[in-house]
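Before any comments, here is the structure.
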Amino acid sequence: MSRKLEHFDNLVAMFFARAAALGDKPFLWRKEGGEWRATSWTEAARQVAALATALQALGLKRGERVMLVSENRPEFCISDLAIMAAGCVTVPTYTTNTERDHLHILENSGASAVIVSTTKLARTLVPALLRVGCCRILIGIDEVRAGQPGQTDFHDWHKLIADHPAEPQVVAARADYRREDLACLIYTSGTGGAPRGVMQHHGAILHNCQGCCSLISEDFGWDDEVFLSFLPLSHAYEHTGGQHFPIALGAQIYYSEGLEKLASNIEEVRPTIMVVVPRLFEVLRTRISKQVEKQGKLANYLLDRAVSIGNRKAAGEQRLADLPMNLFLNRTLRPKLAKRFGGRIKAMVSGGAPLNPEVGTFFESLGLTFLQGYGQTESGPVVSCNRPKAGLKMDTVGPPLEGVEVKIAADGEILVRGELVMHGYWRNEEETARVLKDGWLHTGDIGLIDAKGRIQITDRKKDIIVNDKGDNVAPQKVEGMLTLQPEIVQAMIAGDNRPYMVAVIVPDPEWTQEWCAKSGTRCDFKELATDPEFRHALAAAVERVNKDLSVIERVRKFILADGPFTIENEQLTPSLKIRRHVLKGAYGSRLDALY
């Protein structure tokens with residue numbers, strides 16, 4: 001079925017319109033006691049209206065920020081929509097945040113209230129609350145034991161809803177917010193280290209929804225869609241792609257039980273669209289290949305033929321001789337794989353981190369439509385996406401979405417313009433001016449546009465590390481913390497498209513001399529590099545830093561540099577900044593060996 005997304009002035013209006021049209025049909029699903037249980041559109045609308053009314057009754061005014069700390073679950077979606085329906089601004093934050101991270105976001109956003117889901121998540125949140133003066137309201141979704149949150153008033157999420165019944169149509173009528181009004185602050189790591197609040201307005205996310213709805217409608221047909229949500233909803237990719245986009249489609253959203261149960265959840269839920277990160281499919285490719293290996297010669301032969309045909313197709317070298325084998329694969333190998341993904345997948349959309357083209361081609365070879373997208377938090381976040389009608393090419397990220405302008409600057413940087421572009425960074429005019437110029441978002445990515453209008457990313461100007469799950473890590477922050485330790489004078493971290501961070505460390509010369517004197521060890525650096533006690537002392541310094549870092553930022557392994565980073569060996573610039581490309585050239589293979 002092909003159709004268009006109607007015009008909405010704000011995300012709240014879109015949700016209430018869908019709820020009114022879909023009524024008692026299932027909307028949000030969670031697993032309880034081994035059974036999937038649904039919250040209907042009508043019930044979700046009732047809860048959103050009641051919670052929005054409660055937030056206003058607590059004294060929250062239009063434009064005030066409300067922090068949301070929760071794992072993926074129906075209450076996240078309901079809270080997010082209620083915050084916006086109350087005229088406030090949602091500030092979703094990672095469940096892996098440390099006390100230090102929470103403190104920065106609370107202080108920077110000036111959040112007046114926080115909604116937290118569990119006692120476990122409250123443990124790192126409440127100490128930060130005690131240190132700020134802005135937050136006056138704390139709301140617990142589950143039975144949260146928060147101790148004494150100081151001057152902050154504590155409330156129960158369910159009681160607030162029960163005590164403030166409201167008609168959804170009345171709350172919907174009050175939602176007179178415009179597309180240019182601020183909807184949420186999504187915090188993302190910056191080159192300076194401290195996370196920056198990206199100001200996403202209603203129109204930016206609605207613009208993304210419009211473009212994605214057009215893609216689905218025109219290339220696949222818009223029907224009764226089903227999503228399985230498992231990427232963090234605090235990430236712009238899932239916040240838009242896994243929540244507001246499904247609402248735009250009038251889709252059902254199932255919340256995964258976690259990565260360890262993802263495979264079984266996929267088979268049970270049978271999603272039609274999946275928003276994924278490349279790392280998941282790198283793991284699945286390895287797992288599928290190993291399982292096929294155990295099934296004997298025929299299964300291995302069929303897999304090899306499927307991948308060979310897929311590689312030729314990707315290279316534009318399709319052969320007529322492949323047709324009989326293709327037909328045979330369509331009746332044997334491919335249906336078995338499709339069943340593992342529920343049997344009704346229209347498309348898997350990969351984003352958040354670079355995709356190895358071989359991975360995409362592997363799944364395409366096995367009959368699954370694999371679309372790679374591109375974007376960043378500053379653009380809603382989706383700029384472009386591969387689509388079948390434009391011709392799938394795995395080393396590109398497809399043409400821009402409808403209504404998105406893209407051009408390549410003289411130095412090769414990709415520039416983006418349109419309603420999807422953020423209004424700037426919250427309380428950070430300097431960084432805003434750096435990336436927004438004459439209405440164009442300077443992405444920091446280097447690329448080109450091919451003859452069919454598809455974007456190809458060739459490099460990144462910015463230093464941000466994107467791990468294999470799509471999480472951003474600012475290297476300067478971690479490196480700065482490492483070099484504050486008395487044992488470490490210089491450091492460079494790495495981890496692009498990898499599961500964790502690793503580092504090259506230069507031990508502090510004075511500390512090294514003292515350590516050698518105390519331990520009675522000869523101060524020969526080559527010998528020290530393999531001395532287990534010396535490495536243990538440095539590891540203790542790294543672990544001290546790790547305690548103040550989030551899970552994704554922590555340095556799991558390190559190597560020792562051959563010598564200091566200097567201007568003479570070109571590992572430092574004249575202004576004493578490290579030259580990452582030079583250091584990666586010198587230590588890349590040794591860093592790779594740490595994985």
Side-chain angles (χ1 to χ4, degrees), residues 9-13 15 47-70 75-93 97 101-117 122 125-126 128-141 146 149-157 160-161 163-164 166 170-187 195-205 233-234 239 244 422-429:
D9 289 330
N10 58 70
L11 295 163
V12 177
F15 164 70
Q47 292 184 28
V48 168
L51 185 57
T53 304
L55 294 175
Q56 291 173 329
L58 291 173
L60 289 169
K61 306 296 183 197
R62 190 162 177 158
E64 289 194 87
R65 278 75 60 207
V66 179
M67 198 161 139
L68 179 53
V69 189
S70 171
E75 291 88 352
F76 186 109
C77 181
I78 290 163
S79 297
D80 189 18
L81 291 164
I83 291 165
M84 294 180 192
C88 298
V89 176
T90 305
V91 185
T93 59
N97 275 1
D101 296 324
H102 283 318
L103 181 62
H104 168 73
I105 293 171
L106 283 165
E107 289 180 334
N108 185 259
S109 69
S112 301
V114 181
I115 298 175
V116 62
S117 61
L125 171 68
V126 172
L129 280 177
L130 291 169
R131 294 168 64 184
V132 296
C134 59
C135 190
R136 60 184 188 272
I137 298 163
L138 177 63
I139 300 169
I141 295 175
Q151 300 298 312
T152 306
D153 293 330
F154 184 75
H155 300 272
D156 178 84
W157 191 89
L160 285 176
I161 289 174
D163 290 350
H164 296 84
V170 174
V171 176
R174 287 202 302 261
D176 60 347
Y177 322 118
R178 301 165 301 171
R179 289 175 74 98
E180 58 264 35
D181 287 340
L182 184 58
C184 56
L185 292 178
I186 306 280
Y187 276 81
R196 299 169 297 181
V198 174
M199 296 192 286
Q200 287 192 346
H201 50 290
H202 287 269
I205 298 173
L233 277 161
S234 49
H239 188 243
H244 293 295
M422 67 167 183
H423 285 168
Y425 296 113
W426 180 258
R427 294 176 176 172
N428 194 336
E429 292 181 10

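Position 1 is the first residue of the sequence; numbering continues from there.
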According to salt bridge (charged side-chain N to carboxylate O under 4.0 Å, His left out), does anything in residues 79-91 pair up with another residue at least two apart or in another chain? List the pairs.
none
Examine distances only and state if a side-chain atom of His104 and a backbone atom of Pro195 form a donor-acceptor pair shorter than 3.5 Å.
yes
Sorted by chain and number, sequence neighbours left out, side-chain contact (heavy atoms from CB on, under 4.5 Å) with Ala13 holds for Phe8, Asn10
Are the side chains of Val91 and Ile83 in touch, meaning some heavy atoms are under 4.5 Å apart?
no
Closest contact, heavy atoms only, Cys135 versus Thr152
O-OG1, 3.1 Å
Can you classify the ring geometry of His239 versus His244 as parallel (below 30°), tilted (30 to 60°) or perpendicular (above 60°)?
perpendicular
Counterpart residues, ring-ring contact (aromatic ring centres under 6.0 Å, His included), relative to His202 (two or more places apart):
none
From SG (Cys88) to CD (Gln56), nearest 0.5 Å
7.5 Å
Once side-chain contact (heavy atoms from CB on, under 4.5 Å) is applied, do any residues pair with Val89, and if so which ones, sequence neighbours excluded?
Arg65, Leu182, Leu185
Looking at every non-hydrogen atom in both residues, tell me the closest pair between Gly110 and Arg427 and how far apart they are.
N-NH1, 4.0 Å
Those residues that, when tested against Asp163, pass side-chain contact (heavy atoms from CB on, under 4.5 Å) (two or more places apart)
Lys159
Candidate pair His102 and Val114, rule side-chain contact (heavy atoms from CB on, under 4.5 Å), full reasoning:
CA-CA 11 Å; His102 283 318; Val114 181; over 6 Å; no
Across all chains, not counting sequence neighbours, the side chain to side chain donor-acceptor pair (under 3.5 Å) partners of Asn97 are none
Which residue pairs pass the salt bridge (charged side-chain N to carboxylate O under 4.0 Å, His left out) test with at least one member in residues 52-63, sequence neighbours excluded?
Arg62-Asp176, Arg62-Asp181
For Arg131, enumerate each residue passing the side chain to side chain donor-acceptor pair (under 3.5 Å) test, keeping only those at least two apart in sequence or located in another chain.
Glu99
Can you sort out the partners of Glu180 under salt bridge (charged side-chain N to carboxylate O under 4.0 Å, His left out), two or more places apart, ordered by chain and number?
Arg178
Verify whether one side chain among Tyr187 and Asp101 offers a donor that lies under 3.5 Å from an acceptor in the other.
no
Could you list the residues that satisfy side chain to side chain donor-acceptor pair (under 3.5 Å) with Trp426, not counting sequence neighbours?
none
Could you walk me through whether Ile115 and Val66 pass the side-chain contact (heavy atoms from CB on, under 4.5 Å) check?
CA-CA 7 Å; Ile115 298 175; Val66 179; 4.3 Å; yes
side-chain contact (heavy atoms from CB on, under 4.5 Å) partners for Ser117, two or more places apart:
Ser70, Glu71, Arg73, Leu121, Ile141
Taken in chain and number order and not counting sequence neighbours, the residues that satisfy side chain to side chain donor-acceptor pair (under 3.5 Å) with Gln47 are Glu43
Approximate separation, where rounding is to 0.5 Å, of Thr93 OG1 and Leu68 CG:
7.0 Å
Of the non-hydrogen atoms in Ala86 and Ala52, which two are nearest, and what is the gap between them?
CB-O, 3.6 Å
Could you tell me if the side chain of Met67 sits less than 4.5 Å from the side chain of Leu125, heavy atoms only?
yes
Run the numbers on Leu55 and Ile139 for side-chain contact (heavy atoms from CB on, under 4.5 Å), then give the verdict.
CA-CA 10 Å; Leu55 294 175; Ile139 300 169; 3.7 Å; yes
Heavy-atom side-chain proximity of Phe15 to Leu11 below 4.5 angstrom
no
Is any side-chain heavy atom of Thr53 less than 4.5 Å from a side-chain heavy atom of Val171?
yes
Of all heavy-atom pairs linking Ser79 and Trp157, the shortest is OG-NE1, 2.9 Å
Any side-chain heavy-atom pair from Leu58 and Leu160 closer than 4.5 angstrom?
yes
One should read off an interatomic distance between His201 NE2 and Cys184 SG, to the nearest 0.5 angstrom, of 10.5 Å
Donor-acceptor pair, Thr90 side chain versus Pro92 backbone, under 3.5 Å?
no
Closest heavy-atom pair, Ile186 versus Ser234, reported as atoms and distance to 0.1 Å, is CG2-O, 3.8 Å
Looking at Ala85, is its backbone amide N or carbonyl O close enough to the side chain of Tyr177 to form a donor-acceptor pair, meaning the two atoms are under 3.5 Å apart?
yes
